[in-house]
Colleague: 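Here you go, one structure.
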Protein chains: 4
Amino acid sequence: MARKPRQARSKATVNAIVEAAFIAVAQHGPAAATTRQIADIAGISVGSLYEYFSNKEAIFGAMSERFVADTVAMIQPRVPELVRKDMREAILDMLVYFRAFLQENDELYLKCARHAFTMDFEEYLEPVQRLLLDIVTQHMMRHPETARVRNIAAMTYIYINGGIFAVVRHLSEQNPSITFEELSQGLSDMVGHYVDQELALAKQSSHNRSS
Amino acid sequence: MARKPRQARSKATVNAIVEAAFIAVAQHGPAAATTRQIADIAGISVGSLYEYFSNKEAIFGAMSERFVADTVAMIQPRVPELVRKDMREAILDMLVYFRAFLQENDELYLKCARHAFTMDFEEYLEPVQRLLLDIVTQHMMRHPETARVRNIAAMTYIYINGGIFAVVRHLSEQNPSITFEELSQGLSDMVGHYVDQELALAKQSSHNRSS
Amino acid sequence: MARKPRQARSKATVNAIVEAAFIAVAQHGPAAATTRQIADIAGISVGSLYEYFSNKEAIFGAMSERFVADTVAMIQPRVPELVRKDMREAILDMLVYFRAFLQENDELYLKCARHAFTMDFEEYLEPVQRLLLDIVTQHMMRHPETARVRNIAAMTYIYINGGIFAVVRHLSEQNPSITFEELSQGLSDMVGHYVDQELALAKQSSHNRSS
Amino acid sequence: MARKPRQARSKATVNAIVEAAFIAVAQHGPAAATTRQIADIAGISVGSLYEYFSNKEAIFGAMSERFVADTVAMIQPRVPELVRKDMREAILDMLVYFRAFLQENDELYLKCARHAFTMDFEEYLEPVQRLLLDIVTQHMMRHPETARVRNIAAMTYIYINGGIFAVVRHLSEQNPSITFEELSQGLSDMVGHYVDQELALAKQSSHNRSS
DNA sequence: GATGAATGAGCTTTCATTCAT
DNA sequence: TATGAATGAAAGCTCATTCAT
């Protein structure tokens, strides 16, 4: 069982371990990353590693939490700016931010994200989902006309899951068949057009009803 | 004399191994599935297993190929029917087919697909992409007006990657926040609306140009 | 989980492992005896050891069974001879047999027995208890007068537990304060005198009652 | 100035460590009891523990000494009373005292004693032996007729070793085949009858000789 | 070809012991 | 003196791979 060392130094060590774990997983994948590697990269002994985490699984858990926290921290401060923008532009911006985030530190997060779908880290993803739903909600309040769009929940689900996966996959590919600009433009237009079309249909249907 | 029989038996054994591997991976995940388990399920010895595959990795490779081949074999015969249909309906049909495919044999493929994003099976995905692009192309030839839609490559890319992932994830979830019908309707509308909107924009722009 | 190899060779290997375990435990005690040591002594690899036993505990279990089986096998053929003899002589004989048994193979069993009280091998001891009780019963049938002795169960309990322990301890001591002859004579007389006294009391009491 | 207090505190800490060790061993057995546990239970740091004991082994040694000292301290004050009593009664009393001693503090000593036969604590047992021999000697001086009993040393050896072991084993059993009363009565009678029989034989033999 | 017992490197995890603070 | 984080040797156990039969 992991002892609970105090405060300052301990926090730094926990940090170092989690960072080392990201590096090890990026290099070898989660199955092949060993506790020894992680300890070595973190510059500590295996014994110390187990002072801070009760087992390998716990390290992976901390990685997920960290990844999610960093993702949220990256998007959070940009929310006000995003909700003010036009939807297509907001999505494009987010995709660009997301790409930069994944490519930081020699693509550390990107390399891990490739494997992340294996780890049961989906349970940790909830804060990200909540944040994105929050953005959608705020955006809708500022652009009330979009409230008429049907099936918002499904669209958000598709966009979050499919969008994230498509981006991660694209950035991981050696020779992608399309450019990142085409991809992000496509995602942005797919959502944008969908909303426009829904609004057109809504207007038309209300017109029909009133006539 | 008996030259074929030997090859036939070989093929049958290879088949049995790959099927056993699917079962083992579905049960324990790719990292925890052992060669012993696979051999046992296949009803052969570990020694024989290595007669047909040079190592565990090779089995995973064969699984990817098989998965892709089966996917293609499932869609292929329905292509004529699909390209004849309205786009939204065609997509809905494909999603239903895909779901049935993943859920066959006690969700054998679904359970494997959850982990599949780890294995470097993406490189094998190309035949599926080609098939879907082929469907799109054929569809466009039968519905020439859609030829004006821009960015077809990107849309297909997004749809294939995002769509597949969203479906696999959705089917794997215990308590999905949306129903499969909402998901498939969403995916179908997202593409359908996108195309409609593109066509509307195209018409409008050609109108502008001609005036 | 321990595979179950077949027949001949496997039986020999299992034997070798158990014997190696006795040697290792005799040398280092059960807590300090490692699977590596056992495998080395048995002349096999650690991997093989786990082909035959699912874990260290299982090896200890097999040791207990083996020890008990050997003990029974040593006494069993002498039962007819023992039950025919006078009680004191029978006990002396058994103690001499038991000593020889413990001192076989460079005191292999003796060295292990010292630690045996730790391992929960008491549950395996039942066959030995049953055998000794059987001897007592047979003896009583041949010497019907002893049937009047009270508290046979308690005496047997004390003799088995206390006697075995006293002998093991004595043989383990560097400088025992008494000789083995004194010890065995003492045990034999303790039981013999007890029975004689009980019979004397019984006779006297029946005499009193009849008068 | 403050010279004693330091020693006093030292002594108190050593005491706390030994008591903690008893608790840890009772809970987990000697092999599984860790220095960390012992330090935690003692309310000190591992570092301090090594200030007072050079290693784990030394703690076990102190436990043995303490156990023996406590045993002696328990019997010592009752010696005058015991030597005055009839032998059978004296033995019964001692067994009852011993049981109470083992069952004190939620069976702390009993739980440890089960494992004690492993630790080389036998070398420390000598003071107990000396005490019991002393009791026997004093008893004989008060009951001079018993001086004719042969083999006193062997009887004492058997009684101490066999008796202690039988009692510890009995108290540890879930479903003992005999009651504690039967056991203690048996032990007391075994010794009592032995002595009576010896005296009878001695009288008879002296009679024979004188005639 | 088929077998499966044998291998042993290598994994996760524990814990007695040390030593800078 | 007291602390407890750090250490790392060493334990139990697994499993991909080989090879004698």
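Since this is a predicted model, take the numbers as computed values, not measurements. So that the names make sense, note that chain A is the first sequence line, chain B the second, and so on, each numbered from 1. Every heavy atom of this structure was used, including side-chain atoms; hydrogens, water molecules and symmetry mates were not.
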Colleague: Assuming nearest nucleotide by heavy-atom distance, tell me which of C:Lys56 and D:Leu49 is located more 5' along DNA chain F.
Modeller: D:Leu49
Colleague: Less than 4.5 Å apart, side chain to side chain, heavy atoms only: is that true for C:Phe53 and C:Thr35?
Modeller: no
Colleague: Mind calculating the distance between CG (D:Asp40) and P (E:dC15) to the nearest angstrom?
Modeller: 13 Å
Colleague: Grab the CD1-P distance between A:Ile17 and F:dT7 for me, whole Å please.
Modeller: 10 Å
Colleague: Is the phosphate of E:dC15 approached by D:Thr35 (side-chain N or O, under 4.0 Å from OP1 or OP2)?
Modeller: no
Colleague: Considering just the side-chain nitrogens and oxygens of A:Ser48, establish if one lies under 4.0 Å of OP1 or OP2 belonging to F:dA5.
Modeller: no
Colleague: Classify the nucleic acid contact of B:Ala31 as base, sugar-phosphate or nothing, counting any heavy atom under 4.0 Å across all strands shown.
Modeller: nothing
Colleague: Which is true for B:Ala58 with a 4.0 Å heavy-atom rule: it touches a base, it touches only sugar-phosphate, or it touches nothing?
Modeller: nothing
Colleague: What nucleotide, of E:dA6, E:dT13, E:dA16, holds the atom closest to the side chain of D:Thr34?
Modeller: E:dA16
Colleague: Give the minimum heavy-atom separation between A:Lys111 and A:Ala26, together with the two atoms involved.
Modeller: CB-CB, 3.6 Å
Colleague: Compare the minimum distances between each of F:dT18, E:dT17, E:dT3 and the side chain of B:Ile44, then state the nucleotide with the smallest one.
Modeller: E:dT3
Colleague: Can you list everything that forms a side-chain hydrogen bond (donor to acceptor under 3.5 Å, both in side chains) with B:Thr71? Sequence neighbours excluded, please.
Modeller: none
Colleague: With a 3.5 Å cut-off and sequence neighbours excluded, list the donor-acceptor pairs that the side chains of residues 36-44 of chain C form with protein atoms.
Modeller:
from    : atom 1 : to      : atom 2 : distance (Å)
C:Gln37 : OE1    : C:His28 : ND1    : 3.1
C:Gln37 : OE1    : C:Thr34 : N      : 3.3

Colleague: In which ranges does DNA chain E form stems of 3 or more consecutive Watson-Crick or G-U pairs, distances under 3.5 Å?
Modeller: E:2-21 with F:2-21
Colleague: Given atom CG of C:Asn55 and atom C1' of F:dA11, what is their separation to the nearest angstrom?
Modeller: 14 Å
Colleague: Listed by chain and number, what are the side-chain hydrogen bond (donor to acceptor under 3.5 Å, both in side chains) partners of B:Asn15, not counting sequence neighbours?
Modeller: B:Arg66
Colleague: Map D:Ala32 and A:Ala32 onto DNA chain E by nearest heavy atom, then report which one ends up closer to the 5' terminus.
Modeller: A:Ala32
Colleague: Tell me every residue that passes ring-ring contact (aromatic ring centres under 6.0 Å, His included) with A:Tyr109, counting only those two or more places apart in sequence or in another chain.
Modeller: A:Phe22, A:Phe67, A:Phe101
Colleague: Could you give the CD1-to-C1' distance, from C:Ile59 to F:dC13, as a whole number of Å?
Modeller: 11 Å
Colleague: Over how many whole Å does the gap from D:Ile38 atom CD1 to F:dG4 atom P extend?
Modeller: 17 Å
Colleague: How close or far is atom P of F:dC15 from atom CZ of B:Phe60, stated in whole angstroms?
Modeller: 12 Å
Colleague: Between E:dA6, E:dG10, E:dT13, which nucleotide has the shortest distance from any of its atoms to the side chain of C:Arg36?
Modeller: E:dG10
Colleague: Check every atom of F:dG12, E:dA5, E:dG8 against the side chain of C:Ser45 and return the nucleotide holding the closest atom.
Modeller: E:dG8
Colleague: Side chain of D:Glu51, heavy atoms from C-beta onward: which of F:dA2, F:dA16, E:dT12 has the nearest atom to it?
Modeller: F:dA2
Colleague: Could you list the residues that satisfy side-chain hydrogen bond (donor to acceptor under 3.5 Å, both in side chains) with D:Ser45, not counting sequence neighbours?
Modeller: D:Ser48
Colleague: Decide yes or no for B:Tyr52 and B:Val18: does some side-chain heavy atom of the first lie under 4.5 Å from some side-chain heavy atom of the second?
Modeller: no
Colleague: Given F:dA6, F:dT18, E:dT17, identify the nucleotide with an atom nearest to the side chain of B:Tyr50.
Modeller: F:dT18
Colleague: Select from A:Gly43 and C:Gln37 the residue whose nearest nucleotide in DNA chain F is closer to the 5' end of that strand.
Modeller: A:Gly43
